[in-house]
Amino acid sequence: MGVRFDNVTMEEALARAIALLPEKRGAYVVTPNSEIVYEAMADESLRDLLNAADLVLPDGAGVVLGSKILKTPLKEKVAGVDFADRLLGHLAETGGSVYLLGGKPGIAELAGQKMREKHPDLTICGMADGYFRDEGPVVEAIQQDAPDVLFVCLGAPKQERFMARHQKELPVGLMAGLGGSLDSFAGTVKRAPKWMIRLNLEWFYRLLKEPWRFKRMLRLPKFLWAVVCRRMRGA
Ligand code: UDP
């Protein structure tokens with residue numbers, strides 16, 4: 001549907017991310033779900049930002065299902081928040097650092113606290129909320145702290161635009177656009193129970209918990225319908 005996903009398992013995604021860290025060239029990873037892919041189908045600039053990423057991970061059952069319908073099956077869903085947690089584990093083991101950017105004021109601090117409980121050796125070298133007017137001071141702070149990994153949790157497409165815009169001036173190992181992941185780490189937004197995740201029903205749990213997302217989530221069936229139409233056309 002115009003977005004070139006990397007066909008990787010979680011382990012492979014992690015290995016690729018780790019390999020990018022020493023380069024310190026502001027590589028970035030995006031984690032689109034089907035809502036974002038649907039948006040990108042109508043927005044060439046967003047599509048270009050996604051395809052320019054060093055790693056494009058399928059964050060959602062809808063994307064994996066779509067890939068199967070199109071006969072270009074992706075190996076598995078690689079949820080951004082799980083990928084982020086695995087990356088934190090690696091940083092803690094190797095003495096690497098992370099900077100947390102995004103979420104409402106106080107969320108990054110809370111998320112950082114929870115991250116440290118799980119990974120006591122983790123270095124969190126800085127954090128800032130995602131409701132800034134001027135990007136300049138934020139960029140300067142990140143430059144000063146020079147983290148190995150920068151979590152950019154501003155929601156799509158704001159985070160993708162931020163990463164692409166500042167890529168050249170941010171000499172970090174890897175930036176990761178992770179949507180609402182800091183809310184999830186902080187525990188202010190709960191993830192679905194494991195059995196629901198296993199049954200690919202995480203989207204349904206989210207709809208129950210955050211019903212105001214209904215309109216936005218209608219993009220999921222619209223995306224799948226567009227996939228089926230593409231398949232029927234044999235494209
Ligand atoms: N957010 C932010 N700055 C903004 C808009 C949003 O930091 O200007 C944060 C918001 O607080 C939330 C995240 O970005 O933590 C977006 O979450 P959502 O679940 O909507 O993300 P997505 O579905 O795109 O992954």
Side-chain angles (χ1 to χ4, degrees), residues 3 5 13 28-43 45-47 49-50 53 55-64 77-85 87 98-115 124 126-139 141-142 150-166 175-192 197 200-223:
V3 176
F5 282 92
Y28 72 92
V29 48
V30 292
T31 58
N33 57 17
S34 40
E35 287 174 20
I36 307 303
V37 177
Y38 189 74
E39 200 176 327
M41 283 164 59
D43 181 343
S45 71
L46 175 58
R47 208 156 61 230
L49 289 179
L50 296 175
L55 203 47
V56 185
L57 303 178
D59 173 283
V63 171
V64 177
K77 163 177 151 181
V78 183
V81 64
D82 294 331
F83 169 77
D85 189 50
L87 203 51
V98 65
Y99 189 110
L100 310 176
L101 173 64
K104 298 207 172 84
I107 292 296
E109 285 77 5
L110 199 54
Q113 204 177 312
K114 295 281 164 61
M115 287 169 182
I124 301 175
M127 38 185 114
D129 72 70
Y131 293 84
F132 43 84
R133 283 246 176 93
D134 181 5
E135 292 184 351
V138 177
V139 170
I142 299 166
L150 170 65
F151 284 180
V152 187
C153 303
L154 306 173
K158 195 172 175 186
Q159 62 201 15
E160 285 73 18
R161 299 200 197 288
F162 180 93
M163 294 190 292
R165 195 161 43 238
H166 299 295
M175 298 185 270
L178 295 166
S181 294
L182 289 182
D183 298 312
S184 179
F185 279 111
T188 49
V189 174
K190 294 264 178 285
R191 274 196 89 189
I197 296 180
N200 290 330
L201 289 173
E202 196 164 10
W203 61 272
F204 183 59
Y205 181 85
R206 200 146 192 210
L207 184 59
L208 291 179
K209 287 279 174 185
E210 300 168 71
W212 58 89
R213 295 176 77 96
F214 177 71
K215 198 153 165 241
R216 198 181 135 170
M217 285 184 72
L218 277 178
R219 289 191 206 145
L220 173 61
K222 284 182 185 164
F223 163 75

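Read the numbers this way: they start at 1 and go in the same order the structure lists the ligands and their atoms.
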Check whether any side-chain heavy atom of V139 lies under 4.5 Å from a side-chain heavy atom of I142, and answer yes or no. no

Residue set satisfying ring-ring contact (aromatic ring centres under 6.0 Å, His included) with Y99, at least two apart, ordered chain then number -> none

So, applying side chain to side chain contact (heavy atoms under 4.5 Å, CB included) with L154, which one of Q159, M163, R161 is it? Q159

Going by atom type alone, with no hydrogens or angles, which donor-acceptor pairs under 3.5 Å involve a side-chain atom of residues 127-138 and a protein atom two or more places apart or on another chain?
residue : atom : partner : partner atom : Å
D129    : OD1  : Y131    : N            : 2.7
D134    : OD1  : G136    : N            : 3.0
E135    : OE1  : R165    : NE           : 3.3
E135    : OE1  : R165    : NH2          : 3.4
E135    : OE1  : H166    : NE2          : 2.5
E135    : OE2  : R165    : NH2          : 2.7

Close side-chain approach of Y28 and L150, heavy atoms under 4.5 Å: no

Test of understanding: with salt bridge (Lys or Arg N to Asp or Glu O under 4.0 Å), list the residues that count as partners of E202, not counting sequence neighbours. K77, R191

At a heavy-atom distance under 4.0 Å, which protein residues reach ligand 1? Sort them by chain and number, would you? G102, G103, K104, G130, Y131, C153, L154, G155, A156, K158, G179, G180, D183, R206, R213, R216

